[in-house]
Amino acid sequence: MSQAQQQLKKNFDKQGYTPGASKLKCVLWYVMSLMFFKSGVIPFSNVLVYILRAFGASIGAGVRIKPFIHIKYPWKLTVGNNCWLSDCYIENLDGVVIANNVCVSQQAMLLTGNHNYKMSSFDLITSGIVLENGTWIGAKAIICPGVKVKSHSIIFAGSVLTKDSEPYCIYQGNPALLIRKRLINDNLVR
C-alpha cells in the first residue's frame, strides 16, 4: 500500500468512536439481529422485546416490535410504554430515547450519525434523537441526528426532519416544515 493510500485509510478512521460494548457483544447482537429481527422468523413482539432487553435496551410495558426492524445497538435504545415500532431503521450510533405512546411507522429512519463534510477525513459525528410522548413518525420519514420531536408532533410520511419540532404540530416535506397545529379531540366517538 502506498503512503498516499495509507494516509487516505487513516483519514477515514472513526476518530476513536466505540459502540459502547465489547466486540463479542457486538458480534452476538449482529447474529441475533439477523436471525430474529431482520429475518421476520419471530413475529412475536414479546420475544423480540425480551431479546432487546437481554442486550441492554430499556423497554417499557405494552411495546410492540414488528418483524424486519433494524436496531444498530440495543444498549443505546430506550423505549417508554405503549409504543409501536414497525419495520423501521434505527441507526443508533448514539442514544435514541422514545418516550410513551409513540408510533414509528414502516421504513422510517432514525439516524444518529453523520460525517463532517468540511474535513477531508469525513470525521464521524454522532448526536442522539429524542421522540417525546405521543409523537408519530410517518412511513419512510427521516429524523436526523440531534433532533428532538416534541410532544404529540406528527412527521408526515416521507418527510425529513432536520431540526427540533414544536409540540402539537404537524410537519411535512423535505426539509420538513410546520404545516399546521395538531388538535387532539379524545371525545370523538370511536
Side-chain angles (χ1 to χ4, degrees), residues 11-21 25-26 29-30 32-34 37-38 48 52 55-59 63-80 83-100 102-167 169-179:
N11 283 348
F12 287 95
D13 191 2
K14 293 186 256 179
Q15 302 298 320
Y17 175 80
T18 60
K25 187 174 184 178
C26 290
W29 168 247
Y30 180 76
M32 292 294 281
S33 178
L34 283 176
F37 289 79
K38 294 179 184 177
L48 300 177
L52 285 169
F55 276 90
S58 174
I59 300 182
V63 173
R64 297 291 171 250
I65 307 283
K66 303 305 284 177
F68 306 108
I69 190 171
H70 167 88
I71 298 169
K72 182 72 172 180
Y73 299 130
W75 49 90
K76 293 186 177 195
L77 178 64
T78 300
V79 181
C83 293
W84 177 282
L85 303 179
S86 193
D87 61 333
C88 58
Y89 191 90
I90 303 174
E91 188 69 11
N92 57 335
L93 300 171
D94 207 321
V96 169
V97 176
I98 299 172
N100 300 315
V102 172
C103 177
V104 182
S105 296
Q106 298 86 347
Q107 298 175 19
M109 298 177 78
L110 307 181
L111 305 174
T112 63
N114 205 342
H115 294 278
N116 186 346
Y117 62 87
K118 295 177 182 176
M119 305 279 296
S120 63
S121 57
F122 291 110
D123 295 351
L124 179 64
I125 303 168
T126 65
S127 188
I129 289 174
V130 175
L131 307 181
E132 291 184 354
N133 290 336
T135 57
W136 177 14
I137 310 303
K140 295 188 178 184
I142 298 172
I143 308 301
C144 292
V147 169
K148 182 182 282 189
V149 182
K150 294 189 180 168
S151 179
H152 296 84
S153 291
I154 296 174
I155 313 305
F156 268 17
S159 296
V160 179
L161 190 65
T162 60
K163 296 178 181 169
D164 292 357
S165 73
E166 293 298 320
C169 289
I170 300 173
Y171 288 80
Q172 183 178 23
N174 180 6
L177 301 174
L178 191 154
I179 58 169

## Note on the structure
Closest non-hydrogen atoms of D87 and P67, given as atom of the first, atom of the second and distance, are CB-O, 3.5 Å
### Message
Return the CD to OH distance between E166 and Y171, rounded to the nearest 0.5 Å.
### Response
5.0 Å
### Task
Would you check if K25 and W75 make a side-chain contact, meaning some heavy-atom pair closer than 4.5 Å?
yes
### Query
What distance do N116 atom CG and S121 atom OG have between them, rounded to the nearest 0.5 Å?
7.0 Å
### Query
Checking side chain to side chain contact (heavy atoms under 4.5 Å, CB included) for the pair F156/I179: CA distance, chi angles, key distance, verdict?
CA-CA 10 Å; F156 268 17; I179 58 169; 3.9 Å; yes
### Query
How about I71 and N92: do any of their side-chain heavy atoms sit closer than 4.5 Å?
yes
### Query
Does any N or O in the side chain of W29 come within less than 3.5 Å of the main-chain N or O of L52, such that one atom is a donor and the other an acceptor?
no
### Query
side chain to side chain donor-acceptor pair (under 3.5 Å) with K38: which residues, sequence neighbours excluded?
H70
### Query
Just how far is it from atom OG1 of T162 to atom CD1 of I142, taken to the nearest 0.5 Å?
11.0 Å
### Message
How close do A108 and G138 get, counting heavy atoms only, and between which atoms?
### Response
CB-O, 3.7 Å
### Summary
Residues passing the side chain to side chain contact (heavy atoms under 4.5 Å, CB included) test with C103, sequence neighbours excluded, are W84, S105, W136
### Query
Counting only heavy atoms not in K148, do more than 12 sit closer than 6.0 Å to its NZ atom?
no
### Query
Donor-acceptor pair, D164 side chain versus V147 backbone, under 3.5 Å?
no
### Task
Check the pair L124, L93 against side chain to side chain contact (heavy atoms under 4.5 Å, CB included), reporting the backbone distance first and the verdict last.
CA-CA 10 Å; L124 179 64; L93 300 171; 4.2 Å; yes
### Message
Please report the interatomic distance CG(L48) to NZ(K66), rounded to the nearest 0.5 Å.
### Response
9.5 Å
### Message
Tell me the closest heavy-atom pair linking Q172 and S159, and the distance in Å.
### Response
CA-OG, 3.2 Å
In a table with atom names and distances, give each donor-acceptor pair under 3.5 Å that connects a side chain of residues 125-133 to protein atoms at least two apart or in another chain.
| residue | atom | partner | partner atom | Å |
| --- | --- | --- | --- | --- |
| T126 | OG1 | D94 | OD2 | 3.2 |
| E132 | OE1 | S151 | N | 2.8 |
| N133 | OD1 | N100 | N | 2.9 |

### Query
Is the backbone of C26 close enough, under 3.5 Å, to the side chain of Y73 for a donor and an acceptor to pair up by distance?
no
### Task
In sequence, state the C-alpha distance, the side-chain angles, and the governing distance for S153 and S165, and then conclude on side-chain hydrogen bond (donor to acceptor under 3.5 Å, both in side chains).
CA-CA 7 Å; S153 291; S165 73; 3.2 Å; yes
### Query
Would you say I98 and L85 make side-chain contact, with heavy atoms under 4.5 Å?
yes
### Query
Looking only at heavy atoms, what is the nearest atom pair of G95 and T112, with distance?
O-CG2, 4.1 Å
### Working for side chain to side chain contact (heavy atoms under 4.5 Å, CB included), residues M32 and F37
CA-CA 7 Å; M32 292 294 281; F37 289 79; 5.5 Å; no
### Message
Between C144 and L111, is the side chain to side chain contact (heavy atoms under 4.5 Å, CB included) condition met? List the steps.
### Response
CA-CA 5 Å; C144 292; L111 305 174; 5.7 Å; no
